Each structure stands twice: as structure tokens, then as C-alpha cells.
Amino acid sequence: YKFQFKYRIFYILILLLIQIIDLAPGINKNFLQKKPIVEKNFLKDPVWSLVSDNFKNIISTSISNSSNNFPVISTLLIKEKFNKTNFFRLGRYNREEASIYRSKLYKDIINKKINYENIYVVDNIDHLRHLKHIYKDSDHGFFLRNNIWLILPGHKSHMSILDKKKLEMISYKKIKLGEKINIEMNKKNGILGMGWSKPSYGRSTKLNGSWTEGYFSSLLFISNDNVNLVKIKVDKIIFENQDLSEIDIFINNKKANDILIKKTKEIHINLKNEKLKNDVNIITFNIKNPITPFSLLESVDGRLLGLLVKEVEFK
């Protein structure tokens, strides 16, 4: 028995040594090494003080379990006291509830229902492009700090000259007649605004395009040409009976009436009587009753989807 006991201790010590060797890099990085000098200035910008002193909640424009902004925002959440946030990291969460929340938030923001107690963390370039246009004449301030865009309601007067220049650099795509534009999310020279989601569907992750998610999904662009027709190629439709009467389309907030829906899942918008502006134009899809693939028993996907838009052409 003594012989077996000694050998057991020997094996335990070997396993313990392996564990220590495995953890050594992490211990060295987190406890023994000095923190990088950059961290001394982390969140030291006056705007972060403005944030903590004047706002009760910190909100992402797109609730997600994998936000790239989470590391910085989580540090802020630990440092300051906020009442509410939608930033989180969870092993499991209800994706349908998250999509309903996102859809409601998009709807409120697009309809200019801004909560002055919220700091809005802009999730991506598509959202920023749209928000810049919606709130260009408002008293809301746009700030880029720690590579994160923030909207501080009622604080436009705090924007510096550099803040204004950075915001001016967020541009809109100038479309050309005959140009076919692939619909992609988070593209620097893209045309998407708010209300879009990844093209994945069920087990398929190789689809092209972007899904409309929620009630409103927008395209933003600048037109210098005399556009008479907009052709929108749709790859998939998630409506019961694929009924496209569940969609209203608006051009610069005015309902487009001359719409033709092809059997090839192409939507044609006739603009002969509706001139586009030589400025930013918005095409908005109003999905009246978005539903989830899960509710149709097609997939476990819980997002509120409508159209998988693949391509837009201006003629």
C-alpha cells in the first residue's frame, strides 16, 4: 500500500507541474509583467468623463453576444455606475428576444426617438452612415474614442474640430447607372444603413447578400445621374406564402407606388415620376410582419427576417 501511495503522489506532482507550466504564460502576462504604458491613458479622454457624469445608461445600437466594442465598454461598466446596458457575454441567450429588441431599437432610432439618458455606442459602419444622416441637424454629438463611435444626445456643442472632421470622413457611395452593387454588411464604401443581418440561414453560412431584420431596413447612396429604375435582386423570402404585399418601400420617406415584383424574385421600382436628390437618398424597406425561420419550422434561427437582398442595380 505504501508503494502504491508513493507512486500516486508522484503522478499527482507530475500533473501539477504540467498545469503550472501550462498556466505560466498567463500568470506572467496578468500578474508579473508591468502593464503597458498605453493603459495609463485608457479612458482618460475628457469625453469619457462627460459620459460617466451625464448619462445613466450605455446602449449598443445592435445588441450582440459578440460585439467588438465589449472589451472597452466592459472596462467602463466596471469603472462607472450605469443603471442599464445591453452589452453582455453569455454562453446561452434567447436569439429571438434579442432580434425583437434590436428591431424595436432600430425602429425607435430611425423615428428619432432618442433617450437623452442613453449613451449610444455605434455598432458598425452601416449604422454610423445612417445615424450621421438622420441626426445631421440635431443637437446630438458624435465622438470617436478608443476606436469606438459614440453618440451623446444633446452634446453636439462638445464636439471638437477634429471630431467634426472625422465625422465628415464618413461618406456615402456615389452610384452610377448600370452599376450592380453587391449587398454586403460593414463595407466602407457600401450602401447599407440600419436594419440588416448576416446572410447565414440555418446550417448554410456561405450565402451572399444581407437579410432585412426587423421592421425597417435602409439603403443610403448619392445619385448624380438621372435614375429611372432600381432593380433589387432577392435571393430568399421569409414570409408565409412568400407574400410580398407584406412590404412597403419608401424613397426618401415617400411611399413608392410604381413597384413591379418579378417571378424571378426581382423587385423593380420605377422612378420616372420620382427624381432622386443630388444628395443622400434613402430607400427603406418596411417589413410589416417579419417572422422567424424557427416559427416556420425551417431552421432554429430566431431572427426576425424578411428579404435576403443580394444585389441592387440603378438604371
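Side chains included, hydrogens not; waters and symmetry mates left out as well; all remaining heavy atoms used. These figures come from a predicted structure and were not determined experimentally.
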Handout entry: Under-4.0 Å salt bridge between R129 and D126
Key =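 Here R129 pairs with D126 in a salt bridge, since their nearest N and O are under 4.0 Å apart.
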Exercise for the section: Kindly indicate, with the supporting measurements, whether the criterion side-chain hydrogen bond (donor to acceptor under 3.5 Å, both in side chains) is fulfilled by N57 and N83. Expected result: CA-CA 6 Å; N57 314 311; N83 293 345; 4.6 Å; no
Problem - From E117 atom CD to I59 atom CD1, the distance as rounded to the nearest 0.5 Å - result: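 Going from the CD atom of E117 to the CD1 atom of I59 covers 11.0 Å.
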Practice task
Would you confirm whether R102, through its side chain, and S62, through its main-chain N or O, come within 3.5 Å as a donor-acceptor pair?
Solution key: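 No: the side chain of R102 does not pair with the backbone of S62.
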Exercise for the section: Determine whether more than 12 heavy atoms belonging to other residues, nucleotides or ligands lie under 6.0 Å from atom NZ of K277. Expected result: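 Enclosed: over 12 neighbouring heavy atoms sit under 6.0 Å from NZ of K277.
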Practice task
Determine, stepwise, if the pair K113 / K107 fulfils side chain to side chain contact (heavy atoms under 4.5 Å, CB included).
Solution key: CA-CA 8 Å; K113 293 181 180 178; K107 189 176 180 180; over 6 Å; no
Practice task
Report yes if the side chains of I151 and H127 come closer than 4.5 Å at any heavy-atom pair, otherwise no.
Solution key: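 No, every pair of side-chain atoms sits at 4.5 Å or beyond.
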Practice task
For K136, look at atom NZ and say whether over 12 heavy atoms of other residues, nucleotides or ligands are found less than 6.0 Å away.
Solution key: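 Counting neighbours around NZ of K136, more than 12 heavy atoms of other residues, nucleotides or ligands fall under 6.0 Å, so yes.
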Problem - Non-hydrogen side-chain atoms of I114 and Y120 separated by less than 4.5 Å - result: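 Yes. Closest side-chain heavy atoms under 4.5 Å.
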Practice task
Give a yes or no on whether the backbone of L304 and the side-chain of S99 come within a donor-acceptor separation of less than 3.5 Å.
Solution key: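 Such a contact is found between S99 side chain and L304 backbone.
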Problem - Exam field: side chain D45 to backbone W48, donor-acceptor pair closer than 3.5 Å - result: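 Checked: no pair found.
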Handout entry: Ionic contact status for D139 with K156, cut-off 4.0 Å
Key =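 Looking at D139 together with K156, the answer is no, because their closest N to O distance does not fall below 4.0 Å.
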Exercise for the section: Measure the NZ-NZ distance between K310 and K236 for me, rounded to the nearest 0.5 Å. Expected result: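 With rounding to 0.5 Å, NZ (K310) is 13.0 Å from NZ (K236).
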Handout entry: For the student: nearest non-hydrogen atoms of I58 and L77, plus distance
Key =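 Heavy atoms of I58 and L77 come nearest at CG2-CD2, 3.5 Å.
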Exercise for the section: Take I232 and I269 through the side chain to side chain contact (heavy atoms under 4.5 Å, CB included) test and state the conclusion after the steps. Expected result: CA-CA 8 Å; I232 299 165; I269 308 171; 3.8 Å; yes
Problem - Joint hydrophobic cluster, Y172 plus L167, side-chain heavy atoms closer than 4.5 Å - result: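 As far as the 4.5 Å side-chain criterion goes, L167 and Y172 are not connected within one cluster.
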Practice task
Mind listing the closest non-hydrogen atom pair of I251 and A256 along with its distance?
Solution key: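 Taking I251 first and A256 second, the nearest heavy atoms are CG1-CB, 3.9 Å.
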Exercise for the section: Is it possible for you to say whether I183 and I287 belong to one hydrophobic cluster, with membership spreading through side-chain heavy-atom contacts below 4.5 Å? Expected result: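 Both belong to a single hydrophobic cluster.
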Practice task
Could you state whether I291 and I100 fall into the same hydrophobic cluster, counting links through intermediate Ile, Leu, Val, Met, Phe, Trp or Tyr residues with side-chain heavy atoms under 4.5 angstrom apart?
Solution key: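 Hydrophobic grouping puts I291 apart from I100.
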Exercise for the section: Please examine the side chains of L152 and H158, heavy atoms only from C-beta on, and report whether any two atoms are closer than 4.5 Å. Expected result: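 Result no, sub-4.5 Å side-chain heavy-atom pair not found.
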Handout entry: Reported CG-to-CG distance for the pair L276 and N252, which is rounded to 0.5 angstrom
Key =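 The distance works out to 6.5 Å.
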Practice task
May I ask you to decide whether K288 forms a salt bridge with D248, counting only side-chain N to carboxylate O separations under 4.0 Å?
Solution key: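 D248 and K288: salt-bridged.
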Practice task
Calculate, to the nearest 0.5 Å, the distance between atoms OG and CD1 belonging to S171 and I222 respectively.
Solution key: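 Going from the OG atom of S171 to the CD1 atom of I222 covers 7.5 Å.
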Problem - F216 atom CZ, over 12 foreign heavy atoms within 6.0 Å - result: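 Enclosed.
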Practice task
Of all the heavy-atom pairs spanning L271 and V227, show the shortest one and how long it is.
Solution key: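 For L271 and V227, the tightest heavy-atom pair comes out as CB-O, 3.7 Å.
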Exercise for the section: Write down the atom of L308, the atom of N208, and the distance for their closest heavy-atom approach. Expected result: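 Between these two residues, the closest heavy atoms are CD1-O, 3.8 Å.
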Problem - NZ-CG distance between K315 and N226, expressed to the nearest 0.5 angstrom - result: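 Between K315 NZ and N226 CG, I get 14.5 Å after rounding to 0.5 Å.
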Handout entry: Beyond-backbone contact of Y135 with I109, side-chain heavy atoms, under 4.5 angstrom
Key =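 Contact flag for Y135/I109 side chains = yes.
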Practice task
State, with a plain yes or no, whether a side-chain heavy atom of L229 is found less than 4.5 Å away from one of H268.
Solution key: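 Answer yes - side chains close enough.
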Problem - K176 backbone acceptor or donor facing E179 side chain under 3.5 Å - result: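 Looks like yes, one N/O pair under 3.5 Å.
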Problem - Atom CG of N111 with >12 non-hydrogen neighbours under 6.0 angstrom - result: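 Above 12, so yes.
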Practice task
Could you walk me through whether I237 and K265 pass the side chain to side chain contact (heavy atoms under 4.5 Å, CB included) test, one step at a time?
Solution key: CA-CA 8 Å; I237 302 166; K265 293 182 183 173; 4.2 Å; yes
Practice task
Specify the closest pair of heavy atoms between K132 and I170, including all atoms of both residues, with the distance to one decimal.
Solution key: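 In this case the closest contact between K132 and I170 is NZ-O, 2.6 Å.
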Problem - Distance (rounded to the nearest 0.5 Å) between I181 CD1 and I175 CD1 - result: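 Output value for this atom pair is 6.5 Å.
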Practice task
Flag the pair S49 / V47 as yes when at least one side-chain heavy-atom distance between them is below 4.5 Å, and no otherwise.
Solution key: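 With C-beta onward as the side chain, the pair stays apart.
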Handout entry: Test: K187 and E184 ion pair at under 4.0 Å
Key =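 So K187 pairs with E184 through a salt bridge.
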Handout entry: Validation row: K166, W149 side chains within 4.5 angstrom (heavy atoms)
Key =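 Of all side-chain heavy-atom pairs linking W149 with K166, at least one is under 4.5 Å.
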Problem - ILVMFWY cluster, W196 and F250 together (side-chain gap under 4.5 Å) - result: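 Different clusters: W196 never reaches F250 through Ile, Leu, Val, Met, Phe, Trp or Tyr contacts under 4.5 Å.
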Practice task
Please answer: with hydrophobic residues joined when any side-chain heavy atoms are less than 4.5 Å apart, are V312 and L307 in the same cluster?
Solution key: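 The answer is yes; both residues are in one hydrophobic cluster.
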Handout entry: K173 to F221 six-membered ring, cation-pi geometry met (6.0 Å, 45°)
Key =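 No; the conditions do not both hold, so K173 does not lie above the ring face of F221.
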Practice task
Return yes if some donor-acceptor pair links the side-chain N/O of N281 with the main-chain N/O of D279 below 3.5 Å, else return no.
Solution key: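 Answer holds: yes.
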Practice task
Compute whether any side-chain donor of one residue and acceptor of the other, for E213 and S103, lie under 3.5 angstrom apart.
Solution key: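 No, because no side-chain N or O of E213 sits under 3.5 Å from a partner of the opposite role on S103.
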Exercise for the section: Any chance you could lay out the side chain to side chain contact (heavy atoms under 4.5 Å, CB included) test for H140 and Y116, step after step, and finish with the verdict? Expected result: CA-CA 9 Å; H140 307 321; Y116 276 73; 3.2 Å; yes
Handout entry: Pairwise side-chain contact, I148 with V122, heavy-atom cut-off 4.5 Å (strictly under)
Key =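 Heavy-atom side-chain distance check fails, nothing below 4.5 Å.
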Exercise for the section: Apply side-chain hydrogen bond (donor to acceptor under 3.5 Å, both in side chains) to the pair N86 and Y101, showing each step before the final yes or no. Expected result: CA-CA 10 Å; N86 59 9; Y101 177 93; 3.2 Å; yes
Exercise for the section: Classify the ring geometry between F55 and H155 as parallel (under 30°), tilted (30 to 60°) or perpendicular (over 60°). Expected result: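 Tilted: the ring planes of F55 and H155 meet at 30° to 60°.
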Practice task
Of all the heavy-atom pairs spanning D123 and T61, show the shortest one and how long it is.
Solution key: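 Looking at all heavy atoms of both residues, the shortest contact is N-OG1, 2.9 Å.
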